[in-house]
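Structure first, then comments.
Counting starts at 1 for both ligands and their atoms, in listed order.
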Amino acid sequence: MDQLIEDRVTMALSLDNTTRAELWGRVVDVIENYTTDISKLRIGPDLDPAKVRADLVPVNFDRPMEPAKALEFTLDILMRHQTHVVHPRYFGLYDPAPSAMGVIAETLVAAFNPQLSVWIQSPGAVEIEQLLVRLFGEKFGYDKSKVDGTFTSGGAEANHTALLTALTHAFPNFVSKGLRALSSQPVLYVSSEGHHSVLKAAQSCGLGTEAVREIEIDRDLRMDVKVLSARIANDKAEGLQPFLIVGTAGTTNAGVVDPLGELGDIAAREALWFHVDSAWGGAVVLVSELRHLLSGIEHADSITFDPHKLLSVPRSAGLYLTRHPNILAKTFDVAAAYMPGMNSSEQVVDQFRHSLQWSRRFIGLKLFMTLAVAGWDGYAEVIRQQLSVGEYLRSELERSGWKVLNDSALGVLCFVDRTHDDGALSTYLEAIREDVVSSGEAWISITRLGKSTPALRACIVNYLTRPDDVSALVASLNKARDNHMLHGHRGMNTKE
Ligand SMILES: *Cc1c(COP(=O)(O)O)cnc(C)c1O
């Protein structure tokens, strides 16, 4: 290549050594400062689409930027237009502060760019993931000689995989002939508090959302097993084909665990596939004294577990685990003639014949490197500490007259205001949430339990959250409540 073209390639993509070194220096500084000083930042951004778009107006790809300028430009957008979920006073959805080793692992994955679809391309990476699959399968109580599984983009893909493997298991012709070859409609069961990804999976598997029987919950927000049994009997009598029960171990809303033992018994009796979605709650298998919360999960045919939730690795990393060693191969095996050196040996796994994805990034490395440094005990300690902060939040809320509605050991609290007549109304709670979030001091969400009862929701999602962060949240809630009452009075006065 002539020098001119060589220089252009360098300028466009690889950059020269000096520029790269400067950029890296800056990136490392920024990440370090972000990590150390995160608690000084305002958590929530200004949510104005016009402002965000206005800030993007200067971008013009006909006039490329200097690398340093592109970096500064991007940092500015990230700092200003971003809910800083890494903040210890973010009590939101499941967005943890990422582990340091996890961030380093992601950098390595970007640079080495390993392809994990076939074993021969990335034997080390595939074996690291397979090792983790075996070890986590064992932690959940599977026989280590039978465990199989795959890393996924997250819980949604793992649940989708569960539906596909359950269909393949129940209907041997499903892979070749599809659902149309079945004599009647297959149906599956999940509680009305189950994750919406199950509905989406049913929709995209061609089952349709009506194939999903949302089973009512009991007073503790757990799937009602009597209703489940009756519904299965009813569906069978109508000629439908039940094939799957999905239990949730740690509902997204309220951290509730379905009665897994009973669900497993019903699945066994009715010869249905039993899947447990423990995307978030599954992490307590690492804490010996909390393991009993998931009792019965070892009988699940398959399990969803998200390391990017309680195990605090950077997004995204999900796991699908199963105790049926051949089911993934049966479900996903395809022949690809253009793939050189495709491995036919039984000894190793070619992941593309084992999962929904083709190009596959090294999802498992951030978990491997974090676990290598923390160890099982380190992880258990962190989870214990995080859940005890959740217990502290419960007691602080109750001390200030907030009423906690859910019973969960998973560090999530759904609550209303006991001190105010309107304290359980959604408009009132929304006003409180608005105040807390717009103060920039803390971040919480609002939900509806059992799809009807409104409640504020605060979840300990960050291993850096400490009791003083909890106190600050409760102070902010109390202030919002005082404010609201004040405004309420003023409103009445002006009417008079
Ligand atoms: C978060 C969650 C999911 C979805 O997982 P993603 O990783 O976000 O795709 C599924 N089920 C439950 C119970 C969850 O909490």
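Checking side-chain atoms of T453 against main-chain N and O of R448 turns up no donor-acceptor pair under 3.5 Å.
Every atom of ligand 1 with a heavy atom of H308 under 4.0 Å away is listed here by number and element: 7 (O). The T252 neighbourhood of ligand 1 comprises atoms 12 (C), 13 (C), 14 (C), 15 (O), with distances under 4.0 Å to a heavy atom of that residue. Residue-ligand proximity, A156 to ligand 1, at heavy-atom distances under 4.0 Å covers atoms 4 (C), 5 (O), 6 (P), 9 (O). Residue G250 has at least one heavy-atom neighbour below 4.0 Å for each of these atoms of ligand 1: 13 (C). Near D277, the atoms of ligand 1 lying under 4.0 angstrom from a non-hydrogen atom of the residue are 10 (C), 11 (N), 12 (C), 13 (C). Close approach of ligand 1 to H195 is summarised as follows: ligand atoms under 4.0 Å from at least one heavy atom of the residue are 2 (C), 3 (C), 4 (C), 10 (C), 11 (N), 12 (C), 14 (C).
Residue D306 has at least one nitrogen or oxygen atom sitting less than 3.5 Å from a nitrogen or oxygen atom of ligand 1, judged on distance alone.
At least one heavy atom of K309 sits less than 4.0 Å from an atom of ligand 1.
Contacts of H299 classified as ring pair (Phe, Tyr, Trp, His ring centres under 6.0 Å), with partners at least two apart in sequence or in another chain: none.
In this structure, the separation between CD1 on I327 and OG1 on T168 is 5.5 Å, given to the nearest 0.5 Å. Within the model, atoms CG of D148 and CZ of R323 stand 13.5 Å from one another, a figure rounded to the nearest 0.5 Å. To the nearest 0.5 Å, atom CD1 of residue I363 and atom OG of residue S355 are 8.0 Å apart.
Within a 6.0 Å radius of CZ in F368, other residues, nucleotides and ligands contribute 12 heavy atoms or fewer.
Annotation for P88 and I38: closest pair CD-CG2, 4.1 Å, computed over non-hydrogen atoms.
Annotation: atom 6 (P) of ligand 1 to nearest protein heavy atom, G155 N, 3.2 Å.
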